[in-house]
2 protein chains.
Amino acid sequence: MNAPTADSRTRLLDAALQVIRARGYSATRVDDICAAAGLSKGSFFHHFESKEQLAVEAARHWSTVTDAFFAAAPYHRADDPLQRVLGYIDFRKSILMGRVPEFTCLVGTMVQETYDTNPAIREACDRSISGHASEVARDIALAREKYAPDAPWTAESLALHTQAVLQGAFILAKARGSASVAEDSVDHLKRYVELLFHPNHPKEH
Amino acid sequence: MNAPTADSRTRLLDAALQVIRARGYSATRVDDICAAAGLSKGSFFHHFESKEQLAVEAARHWSTVTDAFFAAAPYHRADDPLQRVLGYIDFRKSILMGRVPEFTCLVGTMVQETYDTNPAIREACDRSISGHASEVARDIALAREKYAPDAPWTAESLALHTQAVLQGAFILAKARGSASVAEDSVDHLKRYVELLFHPNHPKEH
DNA sequence: GGAACCATACCGACCGGTTGGTATGGTCGG
DNA sequence: CCGACCATACCAACCGGTCGGTATGGTTCC
């Protein structure tokens with residue numbers, strides 16, 4: 001009777017995204033994920049051989065979901081690469097809404113708990129973050145070539161910096177219990193990128 | 001010999017800083033902390049009424065330790081407030097050495113796992129981060145008044161942004177298993193602050 | 001068509017190691 | 001002797017993972 005709904009494996013993965021983002025990886029029980037998916041533990045271990053393997057697959061699922069989400073975002077339509085980069089940052093700010101677990105990042109949360117004890121999960125989280133950064137770096141590289149070819153920084157490092165700011169903003173939002181501090185930090189990030197590409201200060205007259 | 005019976009509580013707190021930074025809060029067992037401190041569980045529950053309360057006190061202990069550490073750092077000796085801010089950033093970069101758990105932040109790690117389930121720990125982590133940011137904000141406010149009194153950002157928000165960058169840099173370092181990506185992000189942060197203050201900044205060599 | 005057979009999906013009771021916390025008693029300085 | 005401190009032994013709940021079993025739908029052979 002579950003035919004019309006998404007298949008069970010996907011439901012378990014989606015449930016894992018929700019629960020782990022709220023409670024963290026270690027504190028999440030397999031039964032929590034099953035309950036959130038409306039499935040039993042037997043079903044869970046039919047689809048995943050262990051909790052650890054679920055985490056690895058959840059990280060990949062996270063990348064799939066977020067890649068599609070960002071691919072559909074409107075900022076890609078700008079012709080100018082710098083405008084796409086700034087549009088990306090605006091877009092990241094605009095989705096900081098709802099409850100904190102709804103806009104924070106699965107892999108940023110998981111990697112904190114697993115980097116030293118769980119290499120498979122750490123690598124899966126790294127692939128997710130680095131993969132997304134590479135996407136951002138493509139537009140940054142084009143903007144750099146066009147507007148700042150002699151800049152002393154690489155497109156890759158600036159893309160990673162955007163991810164660092166976002167991940168850090170999530171931590172502050174979690175500590176404060178509010179998204180507004182994250183919005184402020186994204187504002188600073190946008191100002192930085194604008195300054196990097198438009199040094200229209202009275203420095204050079 | 002350390003003071004015989006005097007410091008067991010501190011030894012447990014110090015052990016908690018090490019173990020929780022490496023494994024996270026949920027995955028840390030109280031026996032792990034006891035073993036790292038060379039004490040028994042009876043001693044643990046003599047000093048702390050629960051694992052949760054230990055976490056709250058560990059956050060405060062973390063603030064005490066780090067406050068003293070930063071208070072002793074050389075960047076405070078600069079006369080100019082902007083030089084102190086830039087010196088702070090340089091200092092933060094210079095301590096990104098050793099293994100990852102040795103330079104990352106206890107409260108940034110803990111708050112990710114506890115913000116939605118453990119309000120007491122969340123608040124303790126918030127106090128630690130916000131308290132440190134306030135310290136940084138003092139010099140930023142002086143620099144702003146001196147060099148950029150009409151800037152469209154507040155000293156408080158820029159101070160929080162520095163913390164966001166650092167926390168995010170720690171996450172990237174954990175995912176990558178290397179500090180170098182964190183160093184790059186701190187470089188971007190320093191460049192941002194320099195750009196913010198650049199127009200009226202008197203270069204002195 | 002239908003009986004026999006099989007694969008996939010799913011259920012939930014159960015197992016055994018783990019873990020936060022407790023009970024009890026010993027040691028030692030004052 | 002008292003109370004702070006700490007160790008050992010222990011407990012009950014918890015939790016990841018297992019296992020026997022059911023339901024359903026597809027395939028093959030007559």
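Letters A, B, ... mirror the listed sequences (proteins, then strands); counts begin at 1.
If you check distances only, the side chain of A:Lys51 never reaches the base of D:dG17 with a donor-acceptor pair under 3.5 Å.
Summarising the geometry, the separation between NE2 on B:His47 and C1' on D:dA7 is reported as 12 Å, rounded to the nearest angstrom. One can place NE2 of B:His46 at 17 Å from C1' of D:dT8, the figure rounded to the nearest angstrom. Rounded to whole angstrom, the span from the CZ atom of B:Phe44 across to the P atom of D:dC10 amounts to 22 Å. Put simply, CG on B:Asp31 is 12 Å from P on D:dT8, counting in whole angstrom units. If you take CZ of A:Arg29 and C1' of C:dT19, they are 10 Å apart, rounded to a whole angstrom. Rounded to whole Å, atom P of C:dT19 lies 12 Å from atom CD1 of B:Ile33. If you measure from atom CZ of A:Phe45 to atom C1' of C:dA9, you get 16 Å, rounded to the nearest angstrom. In this entry the distance linking CZ of B:Phe48 with P of D:dC5 reads 12 Å, nearest Å.
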* To do: Could you please spell out the steps behind the salt bridge (charged side-chain N to carboxylate O under 4.0 Å, His left out) verdict for B:Asp116 and A:Arg23?
  => CA-CA 6 Å; B:Asp116 200 48; A:Arg23 299 203 231 297; 5.2 Å; no
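Residue A:His132 is tested with A:Trp62, A:Phe69, A:Tyr88 for a ring-ring contact (aromatic ring centres under 6.0 Å, His included); the sole match is A:Tyr88.
For B:Lys41, taking side-chain heavy atoms from C-beta onward, the closest of the listed nucleotides C:dC10, C:dG21, D:dA7 is C:dG21.
Between B:Ser8 and D:dC6 there is a side-chain polar atom (N or O) within less than 4.0 angstrom of OP1 or OP2.
Aromatic ring pairs are classed by plane angle as parallel below 30°, tilted from 30° to 60° and perpendicular above 60°; the pair B:His161 and A:His188 is parallel.
The closest donor-acceptor contact from the side chain of A:Gln83 to the backbone of A:Ala78 lies at 3.5 Å or more, if one exists at all.
If you check every strand for non-hydrogen atoms under 4.0 Å, B:Ser26 touches nothing.
Toward the 5' end of DNA chain D, the nearer of the two residues B:Ser43 and A:Gly42, judged by each one's closest nucleotide, is B:Ser43.
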